[in-house]
Amino acid sequence: MNKPIIFIALTLLLSCSNNQTGNFSVSIERSHSYIEGFMESHKVPGMQIAVSHKGSLVWSQSFGYSNLEQSTPVHPETKFRIASVSKSVSAVLTARLYQNRIVDIDQAVNDKLACFQHIPESFTVRQLFCHAAGIRHYLPKDTSGINFHHSIQTGLNILKDDSLLFAPGHKFHYSSYGYNIAAAYIEKQTNLKFEKLLKDSLFVPLNMNNSIADHPYQIIPNRTSGYELNTKGEIINAHFFDNRYKIPSGGILSCAEDLTKICNELQYGTYLNNNSQQLLFTPYKYSGENESDTGFGWVVTKDEHGNRLYGHLGGITGGCSAIMLYPDLELSVIWLGNLDADWSAEPTITIANFFIDEIQRK
């Protein structure tokens, strides 16, 4: 297993695909050097990076391997598990459905879903997407039968005996399950599978040709293999995991260039009107907390320099991800990797700062 890692370090600049435009040679050179060291020290088999500025893709590059056993290099069309960045993608779709009056995000959800009708307090799609509904997150006991939930609807059975953690709207509690509940409600309201809505109402209109729901048994061209580290710090194949029950919260496959299309559309396109964009990027006001950095599927914050920053991070079996949009700088940075890890913020912010430095010098 050590041999592929050595090859990654030695051939990093040779076994990669590069799409580069604009005048960011300094940032790209600094990023190259940083990524080479980061991949080796963190044992990342393969990754993608994409950077967009003022609506144009200024750098897109693929590094390392999508499959170590076959020595298959990552390329721009390689599909990665984007983990919880799926939440931001699902939020963009849901904002569009709300804009078109297809889904009411402020209508009570639980009385439309049989397994939640025992809960007396009403909660809404808005609260679910803002982690304000009182729904719990994962528990160790959930994983015992997780691979037997083959759809969003059947996955709700994990929660069928639960009560709420607090009154809806009162405070923040991160919950991937909340997104699955919201998607189940949307499926009921539209009579369409959520993955079909993603495809027909988001991926196709935005030409996101390498984005798709993660089905474990389907033959999906260019899907990367997933990896994890064992207790000895050695790279091993990630264990099997069926993500179909959580497509909206962590079950989407995509590539870095596709995700820049979302960022560019949010800044320059017409997919969402101003009110819908405000929905995404306005912090939710919890009744029991004074401040919030939680928008509708997006974290809403500022970077160390005071620039507005919208984004999300993700970590999942066989993958890690980050999407970061800096509207004041007209900059977006996407990082995707095929190793289960929780450090995706570090490389993404570091690379973003390389480009921010160069933008501010111009």
Side-chain angles (χ1 to χ4, degrees), residues 45-48 62 65-67 72 74-94 138 142-143 145-156 158 176-184 186-187 192-204 206 208-228 237-259 261-262 297 312-323 334-342 344:
M47 58 148 289
Q48 291 174 337
S62 306
Y65 296 98
S66 67
N67 185 285
T72 306
V74 178
H75 54 78
E77 292 77 34
T78 299
K79 298 176 179 68
F80 287 77
R81 284 181 169 177
I82 67 170
S84 286
V85 170
S86 300
K87 295 179 175 69
S88 298
V89 174
S90 297
V92 172
L93 167 67
T94 303
Y138 303 130
D142 299 341
T143 60
I146 209 76
N147 289 323
F148 297 98
H149 298 294
H150 303 321
S151 71
I152 294 170
Q153 299 290 339
T154 60
L156 299 185
I158 300 170
S176 289
Y177 288 132
Y179 281 68
N180 304 342
I181 296 169
I186 291 169
E187 288 185 339
L192 293 170
K193 294 293 185 183
F194 195 77
E195 65 182 279
K196 181 171 176 57
L197 289 166
L198 280 168
K199 178 182 177 182
D200 294 347
S201 300
L202 181 62
F203 297 159
V204 171
L206 268 57
M208 298 174 63
N209 300 320
N210 293 294
S211 299
I212 190 171
D214 185 8
H215 282 260
Y217 302 110
Q218 286 184 5
I219 303 301
I220 298 179
N222 301 318
R223 172 164 45 185
T224 183
S225 298
Y227 299 95
E228 58 191 39
N237 290 315
H239 63 277
F240 176 82
F241 203 89
D242 189 340
N243 289 312
R244 286 177 290 176
Y245 82 100
K246 61 172 188 176
I247 290 170
S249 62
I252 295 174
L253 299 172
S254 190
C255 67
E257 290 188 10
D258 271 12
L259 294 176
K261 293 176 182 178
I262 286 183
H312 213 293
L313 306 176
I316 196 170
T317 303
C320 56
S321 59
I323 183 169
I334 315 295
W335 163 291
L336 301 177
N338 57 4
L339 182 71
D340 185 352
D342 60 0
S344 56

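Worth knowing before you read on, the calculation uses all heavy atoms, side chains too, and leaves out hydrogens, waters and symmetry mates.
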Under a 4.5 Å cut-off applied to non-hydrogen side-chain atoms, are V89 and L259 in contact? yes

Test your reading of the model: is there a side-chain donor-acceptor pair from S201 to the backbone of L198, 3.5 Å cut-off? no

So how far is it from H75 NE2 to T224 OG1, rounded to the nearest 0.5 Å? 9.5 Å

Atom pair CG/OH of L156 and Y245 - distance to nearest 0.5 Å: 11.5 Å

Going by the salt bridge (Lys or Arg N to Asp or Glu O under 4.0 Å) test, which pairs reach into residues 74-93, not counting sequence neighbours? R81-D214

Qualifying residues under salt bridge (Lys or Arg N to Asp or Glu O under 4.0 Å), relative to D200, sequence neighbours excluded: K196

With a 4.5 Å heavy-atom cut-off, do L339 and P45 have their side chains touching? yes

Measuring only between side-chain heavy atoms, which start at C-beta, is K246 closer than 4.5 Å to I158? no

Return the minimal non-hydrogen interatomic distance between L197 and L93, and the atom names on each side. O-CD1, 3.7 Å

Closest approach of Y138 and S176, non-hydrogen atoms and distance? OH-CB, 3.4 Å

Keeping the roles fixed (side chain from Q48, backbone from W335), state whether a donor-acceptor pair exists under 3.5 Å. no

Measuring from atom CD1 of I316 to atom OG of S86, what distance do you get when rounded to the nearest 0.5 angstrom? 7.0 Å

Would you compute the distance between atom OH of Y217 and atom CG of D242 and round it to the nearest 0.5 angstrom? 6.0 Å

On a heavy-atom basis, which atom in S90 and which in F194 lie closest, and how many Å separate them? OG-CE2, 3.5 Å

Do P248 and N180 touch side chain to side chain, with heavy atoms closer than 4.5 Å? yes

Main chain of S321, side chain of S344: is a donor-acceptor contact present, judged purely on distance under 3.5 Å? yes

Would you say the side chains of S211 and S254 form a donor-acceptor pair under 3.5 Å? yes

Does the side chain of F203 reach to within under 4.5 Å of the side chain of D258, using non-hydrogen atoms? no

With sequence neighbours excluded, residues passing ring pair (Phe, Tyr, Trp, His ring centres under 6.0 Å) with Y179: F129, H131

Which atoms form the tightest heavy-atom contact between A256 and L336, and what is the distance? N-CD1, 3.4 Å

All heavy atoms of A238 vs all of T317, minimum pair found to be CB-CG2, 3.8 Å

N/O donor-acceptor pair under 3.5 Å between D340 side chain and E228 backbone: no

Applying side-chain contact (heavy atoms from CB on, under 4.5 Å), run through T154 and R244 and close with a yes or a no. CA-CA 10 Å; T154 60; R244 286 177 290 176; over 6 Å; no

Nearest 0.5 Å please: distance from the NZ atom of K193 over to the NZ atom of K199. 15.5 Å

Is there side-chain contact between I212 and I252, with heavy atoms separated by less than 4.5 Å? no

Ignoring hydrogens, what is the shortest heavy-atom contact between F240 and P216? Give both atom names and the distance. CE1-CB, 3.6 Å

Pairwise side-chain contact, I152 with E195, heavy-atom cut-off 4.5 Å (strictly under): no

Rounded to the nearest 0.5 Å, the CG atom of N222 sits from the CG atom of L253 at a distance of 11.0 Å

Is there a donor-acceptor pair under 3.5 Å between the side chain of N67 and the backbone N or O of T72? no

